[in-house]
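A short write-up of the structure that comes next.
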Amino acid sequence: MPLFQKSVIQKHLAHLEQNQLDNAFNRFKNNYSIDKIQLIKTLKEEEYQDGFLRDIFVDVFGYTLKPDNHFNLVREFKNQTDGKKADGAILKNGNAIAIIELKSNQTKDLKSITQQAFNYKVNQPHCQYVITSNFQKLRFYIDYANEYEEFDLFHLDKATFALLYLILNRDYLLNGLPKQIKEETKSHEDNISEQFYKDYSQFKQEIFANLTQNNPQFDQLLLLKKSQKFLDRLLFIL
């Protein structure tokens, strides 16, 4: 189930600085060339984890990987309650706000990674985001495992990359933009639901009024049941 409503996304995409987006997309395409993709398909999980973090998060989205100064991206981030480690984490003020869990391209079902990644998340009290990948598919979650955005890194056009850039770029993620977009999506959906209910109630009253006006020979309770049955069928079609 997608995280974001399209109209909300389009509003934010319209404010992206195009030169920065173009440069990031060109870096991505260079790192994910045809020859590089063929190589990635053959690599084991441990052979490309560091490379993946650098190719995607450092080169394209601007993070700084430990041990470089002022780092905000780390490998093998340890849980606070046990000795288990996530494959990576994005840090803000020293706290993990995003957990990264990686598998090789031989892992085709990303659902198998989800539980493991969220087990790490619950051990990090400041963590809001979860990122999983098998080096080809990348999934991005906010808070919960039932909604996510998925990207195919081997077949990523510029329009889809723009959304990935919007939610993974260092400046946007560290400043909470993905969570903000999710909250705007919920508000937008709530407004749509409220308006739909108002329109539905008005339409229901108009249908019943029309039936009673044009069918005075029938009992109003019968007409009310008939109108409700019609509306139920209409909602089912919609």
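Because only heavy atoms are used, hydrogens play no part in the values below, and waters and symmetry mates are left out as well, while side chains stay in.
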Phe140 and Tyr129: CA distance, side-chain angles, deciding distance, ring-ring contact (aromatic ring centres under 6.0 Å, His included) verdict: CA-CA 7 Å; Phe140 180 84; Tyr129 309 112; 5.5 Å; yes
Chi angles and distances behind the side-chain contact (heavy atoms from CB on, under 4.5 Å) call for Val58, Leu53: CA-CA 6 Å; Val58 176; Leu53 292 179; 5.6 Å; no
Test side-chain contact (heavy atoms from CB on, under 4.5 Å) applied to Thr132 and Leu138, step by step: CA-CA 6 Å; Thr132 63; Leu138 182 150; over 6 Å; no
Audit row: Asn95, Gln124, side-chain hydrogen bond (donor to acceptor under 3.5 Å, both in side chains) steps and yes/no: CA-CA 8 Å; Asn95 299 308; Gln124 306 298 334; over 6 Å; no
CA sep, side-chain torsions, deciding dist, call: Gln136, His155, side-chain contact (heavy atoms from CB on, under 4.5 Å): CA-CA 9 Å; Gln136 175 180 359; His155 307 92; 4.1 Å; yes
Residues Phe57, Ile131; criterion side-chain contact (heavy atoms from CB on, under 4.5 Å); working and verdict: CA-CA 11 Å; Phe57 290 90; Ile131 301 160; 3.9 Å; yes
Worked verdict on Gln5 versus Ser7 for side-chain hydrogen bond (donor to acceptor under 3.5 Å, both in side chains): CA-CA 6 Å; Gln5 212 279 335; Ser7 64; 2.3 Å; yes
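For Lys158, the NZ atom is densely surrounded, since the number of other residues' heavy atoms within 6.0 Å is greater than 12. Enclosure of atom NZ in Lys44 is not indicated, since only 12 or fewer non-hydrogen atoms of other residues, nucleotides or ligands lie within 6.0 angstrom.
Closest heavy-atom contact between Glu184 and His12: OE1-NE2, 2.9 Å. The two residues Ala162 and Leu16 make their nearest non-hydrogen contact at O-CD1, 4.0 Å. When all heavy atoms of Glu47 and Thr42 are compared, the pair lying nearest together is OE1-O, 4.4 Å. Considering all non-hydrogen atoms of both residues, Ala96 and Phe77 come closest at CB-CE2, 3.6 Å. Taking all atoms of both residues into account, the shortest heavy-atom contact from Asn119 to Val122 is O-CG2, 3.1 Å. Contact detail for Asn175 and Lys92: the closest heavy-atom pair is CA-NZ, 4.4 Å.
At a threshold of 4.5 Å between non-hydrogen side-chain atoms, the residues Phe151 and Ile167 count as touching. Taking 4.5 Å as the limit, every side-chain heavy atom of Val74 sits out of range of all side-chain heavy atoms of Leu65. Looking only at side-chain heavy atoms (C-beta outward), Leu163 and Thr160 stay at 4.5 Å or farther from each other. In this structure, Asp87 and Glu45 have side chains that are in contact, with non-hydrogen atoms separated by less than 4.5 Å. In this structure, Val130 and Tyr148 have side chains that are not in contact, with every pair of non-hydrogen atoms separated by 4.5 Å or more. Considering only heavy atoms from C-beta on, Phe161 stays 4.5 Å or farther from Leu166 through its side chain. Between Leu153 and Leu164 the shortest side-chain heavy-atom distance falls below 4.5 Å. Side-chain contact between Phe52 and Ile40: absent, with no pair of heavy atoms (C-beta onward) separated by less than 4.5 Å.
Linking Ile, Leu, Val, Met, Phe, Trp and Tyr residues whenever their side-chain heavy atoms come within less than 4.5 Å places Val60 and Phe135 in a single cluster. No continuous path of ILVMFWY side-chain contacts below 4.5 Å connects Ile99 to Leu174, so the two sit in separate hydrophobic clusters. Residues Ile142 and Tyr165 share a hydrophobic cluster, clusters being chains of Ile/Leu/Val/Met/Phe/Trp/Tyr side chains in contact below 4.5 Å.
Rounded to the nearest 0.5 Å, atoms CG (Leu13) and CD (Gln18) are 9.0 Å apart. Taken to the nearest 0.5 Å, the CD atom of Gln49 stands 11.5 Å off from the CG atom of Leu43. Glu17 contributes atom CD, which lies 8.5 Å from atom CG of Asn23 (distance to the nearest 0.5 angstrom). In this structure, Lys85 NZ and Arg75 CZ are separated by 9.5 Å, a value rounded to the nearest 0.5 Å. Here Asp55 contributes atom CG and Lys36 contributes atom NZ; the two are 3.5 Å apart, rounded to the nearest 0.5 Å. Taken to the nearest 0.5 Å, the CG atom of Leu102 stands 12.0 Å off from the CD atom of Glu46.
With respect to Arg54 and Asp59, no salt bridge is recorded, no charged nitrogen being found less than 4.0 Å from a carboxylate O. Asp143 has a carboxylate O that lies under 4.0 Å from a charged side-chain N of Lys179, or vice versa, which qualifies the two as a salt bridge. Using a cutoff of 4.0 Å between basic side-chain nitrogens and carboxylate oxygens, Arg139 and Glu149 are not scored as salt-bridged.
Taking the six-membered ring where tryptophan is involved, the planes of Phe28 and Phe25 are essentially parallel, since the angle between them stays under 30° and well short of 60°.
The hydrophobic cluster around Tyr144 extends to none of the other residues, as no ILVMFWY side-chain heavy atom falls under 4.5 Å of it.
Without hydrogens or angle criteria, Asn134 side chain to Thr107 main chain gives a donor-acceptor distance under 3.5 Å. Side chain of Asn30 to main chain of Asn26: a donor-acceptor pair is present (N/O by atom type, distance under 3.5 Å, no hydrogens or angles).
Just one of Thr64, Leu91, Asp68, Ile90 meets the side chain to side chain contact (heavy atoms under 4.5 Å, CB included) condition when paired with Leu73; it is Ile90.
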Give the table of side-chain donor-acceptor pairs shorter than 3.5 Å for residues 108-117, with sequence neighbours excluded, one pair per line with atom names and distance.
unit_1, atom_1, unit_2, atom_2, d
Lys108, NZ, Asn105, O, 2.8
Lys108, NZ, Asn105, OD1, 3.4
Asp109, OD1, Lys111, N, 3.0
Ser112, OG, Asp109, O, 2.6
Thr114, OG1, Leu110, O, 3.2
Thr114, OG1, Tyr141, OH, 3.1
Gln116, OE1, Lys103, NZ, 3.3
Gln116, NE2, Glu101, OE2, 3.1
Gln116, NE2, Tyr120, OH, 3.3

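A cation-pi geometry, defined here as NZ or CZ lying under 6.0 Å from the six-membered ring centre and within 45° of its normal, does not hold between Arg170 and Phe61.
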